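Working notes, beginning with the structure itself.
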Amino acid sequence: MFLLRAHRPERYGVAHRTAAAAEAQPAPEQPLPDALAALGPVPPADPHCLIPPAALAAAVDTARAVADVYDRYPVDEREPYAALRIPADHPVTHERRRNRRQRRAGGNGANDTFLA
């Protein structure tokens, strides 16, 4: 808060005082909707000219398709993807472990069926 007081003491100089001891704060310089609009980015002059018409049509179609999917299958109802875990005693696990040891020992890896 001390940075704000140092930057604009006329506005934030009374922020550290209690409500009983505080003086009347100055009125804002501009209305809140105008201040919020001033904080936003400046829109381009001709936004429809920034992208070719064919690419714009494709982007709109893609956005509509994605919106339809999200409407049909909300995020809360979709199951998250989980990779299958191979049990430690499964034969594939033993084969991967053996192949990994062969590669580390300098084997040619010609018998590698799975990359581990």
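Keep in mind that this is a model prediction, so the values were computed, not measured. Starting from 1, each residue takes its place in the sequence as its number.
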message = Please enumerate all residues that pass side-chain contact (heavy atoms from CB on, under 4.5 Å) together with V60, with sequence neighbours excluded.
response = L56, R64

inquiry  = With a 4.5 Å cut-off on side-chain heavy atoms, are P87 and T93 touching?
reply    = no

note = Checking R97, R103, R101 against N99 for side-chain contact (heavy atoms from CB on, under 4.5 Å), the one that qualifies is R103

query = Is it true that L32 and L39 fall in one hydrophobic cluster, defined by side-chain heavy atoms closer than 4.5 Å?
reply = yes

query = In Å and rounded to the nearest 0.5 Å, what is the CD to CG distance from E29 to D34?
reply = 12.5 Å

